[in-house]
Student: 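Dumping the structure here so I can ask a few things about it.
Side chains included, hydrogens not; waters and symmetry mates left out as well; all remaining heavy atoms used.
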Amino acid sequence: MTTTIQRVFNFSAGPAVMPLPVLEEIQRDLIALPGIGMSILEISHRSKAFEAILAKTESDIRALASVPANYKVLFLQGGASTQFSMVPMNLMTAGGTADYIDAGSWAEKAYKEAKRLGNAKLAATTKSENYCRLPQPHELQLTPGADYVHMTSNNTIEGTEYKALPDVGSVPLVSDTSSDMFSRPIDVARHGLIYAGAQKNLGPAGVTIVVVRDDLLQRSVEKKASLPTMMNYAVHAENGSMYNTPPTFAVYAVGLVMKWLLANGGLPAMLAANERKAAKLYAEIDRTGFYRGTAKNDCRSLMNITFRLATEDLEKQFVKESTAAGLDGLKGHRSVGGMRASLYNAFPDAGVEALVAFMKEFERTRG
Ligand code: PMP
């Protein structure tokens, strides 16, 4: 089936553009899943059909990211923001310390939430520089024997992204990968826990993926009597993410996105495409000085590309006119202003080319 409806180029940071073949499959099968005769919106989560969808989604995630056997993949709700609480609730130990690397607004939110729950310490922060860069390895003040180190692999609002993981020794690394999960290969084995809300690269809003190492799950097992049941990773792991009703539609859609990723070369191919798309846009940003990238060059994100113009007035015009030209969602996050182009996996090359052409024309008429 082909979609005849006119689609704009969607630069939104999330929920974000989904692969068109995935939307078409959802559209085609929404009334009745083939062989099931009921909509994904209607089937019981305890049905064989949904169990198969969940199992396939999990096995495709495992295949895509080479998730080692000693990690569990969980499908949870409450968004990445709920993980800001669940991580410390489950992983902090009595008298222990958790280190937080604060390199963006979401990282700071995670830190603040952890501080409510226990002894969270800032290992480094670049807040005083408006989070325009990531802390250098030598700036990290890590606590020996910490319960874990928390980082945010891609700072969605400020447009910075780690190119290499920080060395945290044997301390478990916990990463909020909400805005770059599966945009490039990921070395799961170097993490203790990874979490990501689905609504950027993975699918629609409503499901949060958590990948957690078995030895860390043991901490949750020991907290069974004290933690609220729904906040305990071990409960979700033991029940195969079916302790309660999972977000069935969101899981199904994530499953289709995983199938699309596998059919399109997996994570190495995504990285190559994302590098190609981002390079085109950064080249235009850097071409004359009319546009100004806000992230330091060595930590520029491939996913969220942030830039500014000389005045806020000009920025307002840019957003208004680009929206009218079918380039949607370029307004930067309300906390930082400027512009932000989110180029997730499903964002097409043609959209980048359209934006670059728009930028050239905008500069020609206003520069
Ligand atoms: N972390 C990061 C890096 C994000 O980009 C976001 C959402 N934009 C969040 C956390 C919060 O996610 P949610 O809205 O799913 O709670």
Side-chain angles (χ1 to χ4, degrees), residues 14 57-92 98-101 103-104 106-107 109-111 113-114 134 146-156 161-168 170-203 207-220 231-234 236-237 241 250-251 254 257-258 261 266-267 270-271 301-303 344-345:
T57 305
E58 176 179 344
S59 69
D60 282 354
I61 287 174
R62 288 185 172 279
L64 265 171
S66 306
V67 178
N70 61 327
Y71 286 74
K72 298 281 182 294
V73 177
L74 308 179
F75 299 89
L76 306 182
Q77 297 185 65
S81 300
T82 298
Q83 294 311 306
F84 295 167
S85 315
M86 281 183 83
V87 165
M89 280 177 158
N90 284 270
L91 302 189
M92 278 181 164
D99 287 342
Y100 275 73
I101 304 175
W106 293 111
K109 285 213 167 97
Y111 168 62
E113 208 56 31
L134 301 167
D147 289 336
Y148 61 89
V149 177
H150 183 281
M151 63 173 278
T152 309
S153 58
N154 182 74
N155 294 290
T156 324
E161 185 177 27
Y162 282 84
K163 306 299 166 200
L165 292 174
D167 182 3
V168 296
S170 59
V171 173
L173 183 63
V174 173
S175 187
D176 174 359
T177 61
S178 291
S179 47
D180 69 350
M181 188 155 161
F182 294 172
S183 66
R184 57 179 178 170
I186 179 168
D187 190 351
V188 175
R190 284 195 58 196
H191 298 81
L193 187 148
I194 296 162
Y195 64 91
Q199 67 271 22
K200 291 135 187 340
N201 263 324
L202 306 175
V207 62
T208 309
I209 314 272
V210 175
V211 181
V212 53
R213 207 170 63 206
D214 286 343
D215 62 301
L216 293 181
L217 266 183
Q218 199 48 41
R219 297 186 194 176
S220 307
M231 301 305 271
N232 190 307
Y233 290 131
H236 294 289
S241 301
V251 170
V254 167
V257 174
M258 298 304 109
L261 286 172
L267 306 189
M270 290 304 130
L271 175 62
S301 170
L302 298 183
M303 296 285 96
Y344 297 122
N345 288 338

Student: Within the 4.5 Å heavy-atom criterion, are Tyr148 and Leu216 side-chain neighbours or not?
Tutor: no
Student: May I ask you to decide if the ring planes of Tyr111 and Tyr100 are parallel, tilted or perpendicular, using 30° and 60° as cut-offs?
Tutor: tilted
Student: Which heavy atom of Met151 sits nearest a heavy atom of Pro166, and at what distance?
Tutor: SD-CD, 3.6 Å
Student: Could you tell me which non-hydrogen atom of Pro172 sits nearest to which non-hydrogen atom of Ala146, and how far apart they are?
Tutor: CD-O, 4.3 Å
Student: So do Arg62 and Val73 actually touch side chain to side chain, heavy atoms under 4.5 Å?
Tutor: yes
Student: In Å and rounded to the nearest 0.5 Å, what is the CD1 to CG distance from Ile186 to Leu165?
Tutor: 7.5 Å
Student: Could you go through the side-chain contact (heavy atoms from CB on, under 4.5 Å) check for Asn201 and Met181 one step at a time?
Tutor: CA-CA 7 Å; Asn201 263 324; Met181 188 155 161; 5.8 Å; no
Student: Do Ser179 and Asn154 get their side chains close enough for a donor-acceptor pair, meaning under 3.5 Å?
Tutor: yes
Student: Run the side-chain contact (heavy atoms from CB on, under 4.5 Å) test on Val211 and Lys72 for me, step by step, so that the C-alpha distance in whole Å, both residues' side-chain angles and the decisive distance to 0.1 Å come before the verdict.
Tutor: CA-CA 6 Å; Val211 181; Lys72 298 281 182 294; over 6 Å; no
Student: With a 4.5 Å heavy-atom cut-off, do Val207 and Leu76 have their side chains touching?
Tutor: no
Student: May I ask you to say whether Glu161 pairs ionically with Arg184, meaning some side-chain N is under 4.0 Å from a carboxylate O?
Tutor: yes
Student: So, the side chain of Thr208 versus the backbone of Gly79: is there a donor-acceptor pair under 3.5 Å, distance only?
Tutor: yes
Student: Do the side chains of Ile194 and Val210 get nearer than 4.5 Å, heavy atoms only?
Tutor: no
Student: Check the side chains of Asp180 and Ser153 for a donor-acceptor pair under 3.5 angstrom, ignoring hydrogens and angles.
Tutor: yes
Student: Got Tyr344 and Met303 here, is their nearest side-chain heavy-atom distance under 4.5 Å?
Tutor: yes
Student: Which pairs pass side chain to side chain donor-acceptor pair (under 3.5 Å) with one or both residues in residues 79-88, sequence neighbours excluded?
Tutor: Gln83-Tyr233, Ser85-Glu113
Student: Can you check whether Leu271 reaches Leu302 side chain to side chain, under 4.5 Å on heavy atoms?
Tutor: yes
Student: How long is the straight-line distance from CG of Asn70 back to CZ of Arg213, given to the nearest 0.5 Å?
Tutor: 7.5 Å
Student: Atom CG of residue position Asp167 - does it have more than 12 heavy atoms of other residues, nucleotides or ligands inside 6.0 Å?
Tutor: no
Student: Any sub-3.5 Å donor-acceptor pair from Ser241's side-chain atoms to Phe75's backbone N or O?
Tutor: yes
Student: Considering only heavy atoms from C-beta outward, does the side chain of Val149 approach that of Val174 to under 4.5 Å?
Tutor: no
Student: Could you give me the CA-CA distance, side-chain angles and deciding distance for Met258 and Phe182, then say whether side-chain contact (heavy atoms from CB on, under 4.5 Å) is met?
Tutor: CA-CA 9 Å; Met258 298 304 109; Phe182 294 172; 3.7 Å; yes
Student: Keeping the roles fixed (side chain from Asn90, backbone from Met231), state whether a donor-acceptor pair exists under 3.5 Å.
Tutor: yes
Student: Within the side chain of Thr177, is there an N or O that forms a donor-acceptor pair under 3.5 Å with the backbone of Tyr195?
Tutor: yes
Student: Do the side chains of Tyr162 and Ser175 get nearer than 4.5 Å, heavy atoms only?
Tutor: no
Student: Between Ala65 and Leu267, which heavy-atom pair has the shortest distance, and what is it?
Tutor: CA-CD1, 4.2 Å
Student: I would like to know whether Leu91 and Asp147 meet side-chain contact (heavy atoms from CB on, under 4.5 Å); could you show each step before the answer?
Tutor: CA-CA 7 Å; Leu91 302 189; Asp147 289 336; 5.6 Å; no
Student: Of the non-hydrogen atoms in Val257 and Gly203, which two are nearest, and what is the gap between them?
Tutor: CG2-CA, 4.1 Å
Student: Of all the heavy-atom pairs spanning Asn345 and Ser183, show the shortest one and how long it is.
Tutor: OD1-CA, 3.4 Å
